[in-house]
Amino acid sequence: MSRYRLCGGLPIVIGLMFLAVPSYAHHSFAAEFDSTKCMDFNGTLTGIEWQNPHGYFHVDVKNASGGVDSWSFQTVSLITLKRSGTSRRDFLDNVGKPVYVRGCLAKNGAKFRAAAETLKLPDGQLRIVGQEVEHGRQEY
Amino acid sequence: MWRGFCGSLSGLALACILSYPASAQDKKAAGKEERPVNAKKGVPLPPGGPTPRLPDGHPDFSGVWFEGSTGGQTFDAAARKQFDPKVTPEEPPPYQPWAAAKIKAMTGTDYELGRASVNCLPRGVPGMVLLNPYPLQLVHTPGQLVQLNELNNNWRVIPTDGRAHDPDPDPGFLGDEVGRWEGDTLVVDTIAIDERTWNDFKGWFHSDQEHVIERFTRPDLNHLFIQVTIEDPKVLTKPWTSAPRLWTRGHEKLQEYFCTNNQEVDQLTKLKDKETSEKRTTKSTVSK
């Protein structure tokens with residue numbers, strides 16, 4: 001661990017750890033989405049809504065009946081997406097291509113609506129795009 | 001200045017913040033074995049140099065400031081922490097009994113629906129410093145401090161010449177704020193705060209008598225602390241004071257954040273209706 005000195009030889013790194021203190025977002029995904037109903041989705045990216053306070057992307061997923069359900073996945077804010085390395089272009093360039101999403105269903109029973117936690121685009125890289133609903137930790 | 005800083009609470013808090021342990025983000029993300037490529041551990045910034053000063057000799061708070069210790073936005077929860085509760089604990093809000101009862105009756109969904117942010121309203125004072133995960137830019141000149149908030153693209157201008165409050169201020173999200181210097185600390189005093197703002201995300205509402213005092217300090221080049229005291233004789237039994245909350249200097253340009261596609265109010269209202277309906281059904285079943 002790096003050590004920093006501020007004052008005449010006084011070592012100021014004390015080594016205490018932080019307790020969990022939530023950092024606050026526009027709103028809590030865990031309040032709106034069900035941490036006990038999270039699942040893997042594989043489907044085709046069909047589009048995005050690139051606006052704040054949250055982005056949304058849409059994925060067509062085959063259902064058990066052989067049909068296709070059009071899912072809407074909520075992400076963190078656009079500024080957080082961009083600062084964490086996911087751009088609008090990343091989505092636009094992959095419309096029509098297969099994607100993987102880990103998402104959690106809406107508590108209010110809304111059909112085909114979920115919070116995205118992670119997303120894998122065709123480049124094969126898993127990336128965080130939402131708050132971590134399953135473990136209750138908020139991310140923007 | 002350095003000697004004074006060495007003995008200060010801010011110095012101790014800073015020391016602890018700079019030494020946070022490895023992040024939980026290093027662990028598996030969302031139950032998956034694969035680690036996301038953007039789950040990077042935040043690296044805390046060193047002091048970076050002495051406190052910059054304005055031509056009048058007061059500390060210069062200018063800069064783009066990010067919550068926590070890294071000077072950037074990160075998914076690393078530990079790096080975003082603004083204080084160590086073991087070193088600078090924060091007491092729960094000292095509510096009067098009627099206020100405590102009102103908040104106790106709220107549900108998690110009520111908390112969400114009551115948030116100014118969920119309703120795309122400004123977080124106001126003191127929310128813009130206590131409840132703001134996005135960067136802010138301070139533009140400091142002798143006589144005034146301008147705060148630009150990326151969140152909702154709003155701003156405030158704080159005169160720092162020690163002037164008195166407006167004798168008849170209109171209530172507003174920013175309130176009527178005036179600043180004065182106490183040594184190297186800028187004390188910002190705010191009254192007339194719009195009652196639609198909350199002081200936390202768990203129902204801490206306030207009255208028209210709320211009085212907020214923010215204390216800005218910059219112990220070195222890279223670090224800024226803001227400590228908030230809230231008085232509210234209609235809601236609290238005594239004043240509440242936050243820990244000195246850490247912000248660290250970044251180098252990014254603020255981006256646009258207008259809240260134009262807010263779906264939460266509709267979705268959360270449906271959730272509230274569902275919960276109310278389920279509660280009625282449960283009561284009805286029990287009473288039979």
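Values below: all heavy atoms of this structure, side chains included; hydrogens, waters and symmetry mates excluded. All figures in this text were calculated on a predicted structure; none of them were measured in a lab.
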**Report entry** Portion of A/I79 that has a non-hydrogen atom of chain B nearer than 4.5 angstrom
**Finding:** both
Report task. Working to the nearest 0.5 Å, report the span between OH of A/Y100 and CD of B/E34. Result -> 8.5 Å
Query raised in the report: Can you find a heavy atom in the side chain of A/K107 that is under 4.5 Å from one in the side chain of B/Q267?
Result: no
Report task. Measure A/A110 against the heavy atoms of chain B and call it side chain, backbone, both or neither at under 4.5 Å. Result -> side chain
**Report entry** CZ-OG1 distance between B/F75 and A/T80, expressed to the nearest 0.5 angstrom
**Finding:** 6.5 Å
Report summary line: Sorted by chain and number, sequence neighbours left out, side-chain hydrogen bond (donor to acceptor under 3.5 Å, both in side chains) with B/R196 holds for B/D194
Query raised in the report: Given the options B/E256, B/E150, B/K270, which has more heavy-atom pairs under 4.5 Å with chain A than any of the others?
Result: B/E150
Report task. Report, as yes or no, whether the 6.0 Å neighbourhood of atom CD on B/E91 holds more than 12 heavy atoms from other residues, nucleotides or ligands. Result -> no
Query raised in the report: Does A/E32 reach the side chain of B/E112, with side-chain heavy atoms less than 4.5 Å apart?
Result: no
Report summary line: B/E275 meets the salt bridge (Lys or Arg N to Asp or Glu O under 4.0 Å) criterion, sequence neighbours left out, with none
**Report entry** Side-chain touch B/F66/A/R83, heavy atoms, less than 4.5 angstrom
**Finding:** yes
Requested in this report: Return yes if some donor-acceptor pair links the side-chain N/O of A/N52 with the main-chain N/O of B/C259 below 3.5 Å, else return no.
Outcome: no
**Report entry** Side-chain H-bond candidate by donor/acceptor type, B/Q73 with A/S84, under 3.5 Å
**Finding:** no
Query raised in the report: Between A/R127 and B/V37, what is the shortest heavy-atom contact and its length?
Result: CB-CG2, 4.2 Å
Query raised in the report: Any side-chain heavy atom of B/N261 within less than 4.5 Å of one from A/W50?
Result: no
Report task. Check whether B/P135 gets within reach of chain A through its side chain, its backbone, both or neither, counting any heavy atom under 4.5 Å. Result -> side chain
Report summary line: Cut-off 4.5 Å, heavy atoms of chain A, and the answer for B/E252 is side chain
Query raised in the report: Roughly how far, to the nearest 0.5 Å, is OG of A/S77 from CD of B/Q255?
Result: 9.0 Å
Query raised in the report: Just wondering, do B/Q263 and A/H54 contact through their side chains at under 4.5 Å, heavy atoms?
Result: no
Requested in this report: Compare every heavy atom of A/I128 with every heavy atom of B/N38, then report the nearest pair and how far apart it is.
Outcome: OD1-N, 2.8 Å
